[in-house]
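Quantities reported herein were computed from a predicted structural model and do not represent experimental measurements.
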Amino acid sequence: QATGYNIKVSTSKDFKTKNLVRNAFVKNNSTFSKTFAPLKSGKTYFVKIRAYKQTKSGKIYGQYSAVKEIKVK
């Protein structure tokens with residue numbers, strides 16, 4: 001019953017603001033992929049995602065997923 005998803009991409013596991021590369025909202029709950037470009041080749045990134053539901057008073061967020069480590073080819 002999510003309205004959409006919030007995806008964060010960072011260069012560090014702790015997702016501090018200075019290391020945050022992307023913070024995207026997917027506003028369609030039937031979208032199953034999201035492309036982030038340009039990311040640097042050979043660099044490692046960390047990704048986490050959470051669902052949200054839009055209400056009249058704002059967004060209600062679920063918990064973040066486990067952090068996934070991704071190395072760009």
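Note that the NZ atom of Lys8 and the CG atom of Asn23 stand 4.5 Å from one another [nearest 0.5 Å]. Separation of atoms NZ (Lys48) and NZ (Lys68) is listed at 14.0 Å; rounding is to 0.5 Å. Rounding to the nearest 0.5 Å gives a distance of 9.0 Å between NZ of Lys27 and CD of Gln54.
The heavy-atom pair separating Ala24 from Lys34 by the smallest distance is CB-CE, 4.0 Å. Closest approach of Ser10 to Phe15, counting heavy atoms only: CB-CD2, 3.4 Å. Smallest separation of non-hydrogen atoms from Thr11 and Lys43: CG2-CE, 3.6 Å.
Qualifying side-chain hydrogen bond (donor to acceptor under 3.5 Å, both in side chains) partners for Thr17, counting only residues two or more places apart in sequence or in other chains: none. Residues meeting the side chain to side chain contact (heavy atoms under 4.5 Å, CB included) test with Lys16, sequence neighbours left out: Asp14, Asn19. Remark: Thr35 pairs with no residue by the side-chain hydrogen bond (donor to acceptor under 3.5 Å, both in side chains) rule, at least two apart or across chains. With sequence neighbours excluded, the residues satisfying side-chain hydrogen bond (donor to acceptor under 3.5 Å, both in side chains) with Arg50 are Asn6, Tyr64. For Thr55, the side-chain hydrogen bond (donor to acceptor under 3.5 Å, both in side chains) criterion is met by Ser57, not counting sequence neighbours.
When hydrophobic side chains of Ile, Leu, Val, Met, Phe, Trp and Tyr are connected at separations under 4.5 Å, Phe25 ends up clustered with Tyr52, Tyr61. Residue Val72 is found in a hydrophobic cluster whose other members, listed by chain and number, are Tyr5, Ile7, Val9, Val21, Val26, Phe36, Leu39, Tyr45, Val47, Ile49, Ile70; membership requires side-chain heavy atoms under 4.5 Å apart, directly or through intermediates.
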